[in-house]
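No experiment lies behind these values; they were computed from the predicted model shown.
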Protein chains: 2
Amino acid sequence: MPRVPKQQASTGCSVERALNLIDGKWKIVILYKLLRGTLRFNELRRLIPGVTQRMLTHQLRELEADGLIVRMVYAQVPPRVEYSLSARGRSLEPVLMALKHWGDTNLSSLEAKAA
Amino acid sequence: MPRVPKQQASTGCSVERALNLIDGKWKIVILYKLLRGTLRFNELRRLIPGVTQRMLTHQLRELEADGLIVRMVYAQVPPRVEYSLSARGRSLEPVLMALKHWGDTNLSSLEAKAA
DNA sequence: GCCCCTAGTGTCAAAAAGGATACCGTTATG
DNA sequence: CATAACGGTATCCTTTTTGACACTAGGGGC
């Protein structure tokens with residue numbers, strides 16, 4: 001993603017601007033996983049096979065910067081960091097669910113075709 | 001996007017797989033614009049300021065390859081090429097509308113904050 | 001003492017995405 | 001004859017994204 005020269009992301013319509021916040025393959029998946037509740041870093045990692053530690057960290061930081069998730073650090077050893085959706089992030093639920101529904105419906109038939 | 005080593009995109013859940021089809025900043029916007037009906041190449045170009053000819057072509061080809069849009073070429077001079085949603089593409093409407101709704105709702109308040 | 005755990009960070013390099021620009025054929029228009 | 005319109009391609013180059021890998025702190029277990 002171009003991620004837009006920061007600041008002004010208002011190239012066009014609201015759809016376009018919305019995409020600037022949730023682009024990247026992992027972000028939507030992360031948000032989706034968090035719909036069910038708070039998760040720790042390594043829990044997310046296990047839930048999303050294929051994401052590397054660095055990528056996960058990056059995406060989480062961006063999501064946090066965009067105010068979609070909340071990061072809670074507990075001063076413990078070993079460290080404990082919990083991620084959860086912010087109100088803003090939770091407001092994405094309809095989008096995420098629509099996407100999941102579409103995936104469930106349209107990708108199974110695709111795979112059936114491909115198989 | 002990584003666009004996955006082609007072929008097997010089934011890393012994880014359906015959400016993740018769905019994203020492989022609609023990644024890229026422009027694709028969702030293109031699909032969204034096409035919701036309202038058939039559009040010609042240059043019409044799309046005008047509707048999506050910021051997209052270059054090359055990018056638009058690329059994205060349209062991928063959308064076509066994924067069966068989300070239909071490309072109709074009319075043997076005329078000057079050339080006439082029309083793009084429209086396939087049934088599969090149209091099935092994304094709930095997702096697109098949810099995204100637009102979210103953008104309208106959550107980005108206006110964001111910008112108000114930023115302003 | 002040594003290794004493991006968590007939740008990272010840093011660096012390097014590869015891969016991918018994206019942008020700029022030039023060019024194509026054909027017909028109409030000036 | 002030159003130019004413009006349409007819907008692209010081809011090429012080059014830069015920026016972004018991504019991955020691999022090593023490394024960190026501080027306590028607990030063996």
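Here the P atom of nucleotide C/dG8 and the CZ atom of A/R54 are 15 Å apart, to the nearest Å. Taking atom CZ of A/R71 as the reference point, atom C1' of C/dA7 lies 8 Å away to the nearest angstrom. The interatomic distance linking B/L19 (CG) with D/dT17 (P) rounds to 16 Å, in whole Å. A straight line from CZ of A/R80 to P of D/dA25 spans 23 Å, rounded to a whole angstrom. Rounded to whole Å, the distance from NE2 on B/H58 to P on C/dG18 is 9 Å. Counting to the nearest Å, the P atom of D/dT14 and the CE atom of B/M55 are 17 Å from each other. Between A/I30 atom CD1 and D/dT18 atom P there is a gap of 11 Å when expressed in whole angstrom units. With rounding to whole Å, A/W26 atom CH2 is found 21 Å from D/dT16 atom P.
A donor-acceptor distance shorter than 3.5 angstrom exists from the side chain of B/R88 to the backbone of A/N106, with no hydrogens or angles considered. In terms of modelled atom types and a separation under 3.5 Å, the side chain of B/S86 and the main chain of B/G67 share a donor-acceptor contact. No donor-acceptor pair closer than 3.5 Å links the side chain of A/R71 to the backbone N or O of A/L60.
Of all nucleotides listed (D/dT9, C/dA7, D/dC6), C/dA7 comes nearest to the side chain of A/R40. Of the candidate nucleotides C/dT27, C/dG19, C/dG8, C/dG19 has the atom nearest to the side chain of B/T52. Taking every side-chain heavy atom of B/N42 into account, D/dG7 is the closest of C/dT6, D/dG7, D/dG27. For A/P78, the listed nucleotide lying nearest its side chain is C/dC5; candidates were C/dA7, C/dG19, C/dC5.
Only one option out of B/L96, B/L31, B/L85 pairs with B/R90 in a side-chain contact (heavy atoms from CB on, under 4.5 Å); it is B/L85.
The residue A/Y83 sits close only to the backbone: its heavy atoms come under 4.0 Å of sugar-phosphate atoms, none of a base.
With the nearest nucleotide of DNA chain D identified for both A/V51 and A/P79, A/V51 has the one nearer the 5' end. Mapped onto DNA chain C by nearest heavy atom, A/V81 and B/Q53 fall at different nucleotides, with A/V81 at the one closer to the 5' end.
The minimum heavy-atom distance linking A/K33 with A/L39 is given by the pair O-CD1, 3.8 Å.
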